[in-house]
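Throughout, protein chains are lettered first and strands after them, A, B, ... in sequence-line order, and every chain is numbered starting at 1.
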2 protein chains.
Amino acid sequence: MRLINRNTDYAIKALLHIAGNSSGRFPVSELSDVLKIPHPFLRKILQVLQKEGILLSSKGKGGGFALAIPPKRIYLTDVMKIFQGSLELDHCLYRKELCPDIKTCPLRRKILSLEKRFVQELASITIQSLLDDKP
Amino acid sequence: MRLINRNTDYAIKALLHIAGNSSGRFPVSELSDVLKIPHPFLRKILQVLQKEGILLSSKGKGGGFALAIPPKRIYLTDVMKIFQGSLELDHCLYRKELCPDIKTCPLRRKILSLEKRFVQELASITIQSLLDDKP
DNA sequence: GTTAAATGATACGTTTCGAGTATCAAATTG
DNA sequence: CAATTTGATACTCGAAACGTATCATTTAAC
Ligand code: FES
Ligand code: FES
């Protein structure tokens, strides 16, 4: 099962690098170098994080990206939502509204309850907590 | 997030139908009719379940599929493994063996522990337990 | 002010994979 | 034999994931 896609993973890695090194601005060139992520791809990702208010950016020489909010307030689930959409563990193939079985589907009830707890646990992970875990 | 794909879902629905109606053999034609699943697609799915020892099959007139083992012993996670591969919530994009960060990746540890509990809970679901839930 | 280095915006290409179809062969029943 | 069923397997199609390319804009340093 794919829990986390590349966009999210790269985003988290970039955020960890920025949060873990308190210099001012990090240009994409530095990040893509250190993290071995294709430059234009990472750039697109960071631009999204900027639009979403997680990163600040400045153009021109000496520019780059910096955190817009403290690592404690950057949640893994936020990043996942940005790059992967809803976190619901959608077992149902049809769009929920259209599913002919939604009333009777026995899988649905079971999974909804498991889902809730799982997402709650996921939601406790922040950039800060990931940093704290590092050796 | 896609927890369950179409193969798995269709497989579960077919298994529920078979388990819930104690006639002898269920030809694909009947199942695909009742469950509104394209005939050749469902057929392929049931053939896999047969190979995996979950269904019995017999050819020819009056043939079809029947459970090979009791509903209590058919686990959702077994079906998921068959059609979706490993249940690991693989956050890592690279194949595990090749991932350059596998030692240091802070996401990995966090997610592995959440994963364990989640899969354990999933693993409690069987065809029988789904049947019992039905109204 | 010119130039180099950076991001903003956005369009495009490529690969992968999920979902479903098509076909022929083999078995079973009557 | 004829009809009905599964076995095996190759193929198509479309969407989504993944990644590239390009041009415009801003900024700092010289
Ligand atoms: S198949 Fe749609 S809710 Fe279960
Ligand atoms: S990125 Fe490979 S283990 Fe985390």
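- In this structure, the side chains of B:L31 and B:L46 come closer than 4.5 Å at one or more pairs of heavy atoms.
- You'll find a donor-acceptor pair under 3.5 Å spanning the side chain of B:R43 and the base of D:dG7, going by distance alone.
- The distance between atom CG of A:D9 and atom P of D:dG19, rounded to the nearest whole Å, is 11 Å.
- Rounded to whole angstrom, the span from the NE2 atom of A:H39 across to the C1' atom of C:dG8 amounts to 13 Å.
- For the pair B:N21 (side chain) and B:H17 (backbone), a donor-acceptor distance under 3.5 Å is present.
- What separates CZ of A:R6 from P of C:dT16 is a distance of 10 Å, to the nearest Å.
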Could you walk me through whether B:K116 and B:L112 pass the side-chain contact (heavy atoms from CB on, under 4.5 Å) check?
CA-CA 6 Å; B:K116 225 171 189 168; B:L112 282 180; over 6 Å; no
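- The phosphate of C:dA6 has neither OP1 nor OP2 within less than 4.0 Å of any side-chain N or O from A:R25.
- Atom pair B:I18:CD1 and D:dT6:P shows a separation of 10 Å (rounding to whole Å applied).
- Rounded to an integer number of Å, the gap from CD1 of B:I45 to P of D:dT6 is 14 Å.
- Taking 4.0 angstrom as the limit, B:S57 places none of its side-chain polar atoms (N or O) nearer than this to OP1 or OP2 of D:dT5.
- Not a single donor-acceptor pair, N or O on each side, falls under 3.5 Å between the base of D:dG7 and the side chain of B:K59.
- For the pair B:Q84 (side chain) and B:L3 (backbone), a donor-acceptor distance under 3.5 Å is present.
- One finds a side-chain N or O of A:R2 lying less than 4.0 angstrom from the OP1 or OP2 phosphate oxygen of D:dC18.
- Taking 4.0 angstrom as the limit, B:S58 places none of its side-chain polar atoms (N or O) nearer than this to OP1 or OP2 of D:dT6.
- Taking only side-chain nitrogens and oxygens, B:Q50 comes nearer than 4.0 Å to OP1 or OP2 of D:dG7.
- The distance from atom CZ of A:F83 to atom C1' of D:dA17 is 14 Å, rounded to the nearest whole Å.
- Remark on DNA chain D: of its neighbouring residues B:Q47 and A:G62, the 5'-side contact belongs to B:Q47, judged by nearest-heavy-atom nucleotide.
- If you measure from atom NZ of A:K61 to atom P of D:dT27, you get 15 Å, rounded to the nearest angstrom.
- Using a 4.5 Å cut-off on side-chain heavy atoms (C-beta onward), A:R43 and A:H39 make contact.
- For B:K51 against D:dG7, no side-chain N or O and base N or O form a donor-acceptor pair under 3.5 Å.
- Of the two residues contacting DNA chain C, namely B:P38 and A:F65, the nearest-nucleotide position lying further toward the 5' end is that of A:F65.
- Summarising the geometry, the separation between CG on A:N7 and P on D:dA17 is reported as 9 Å, rounded to the nearest angstrom.
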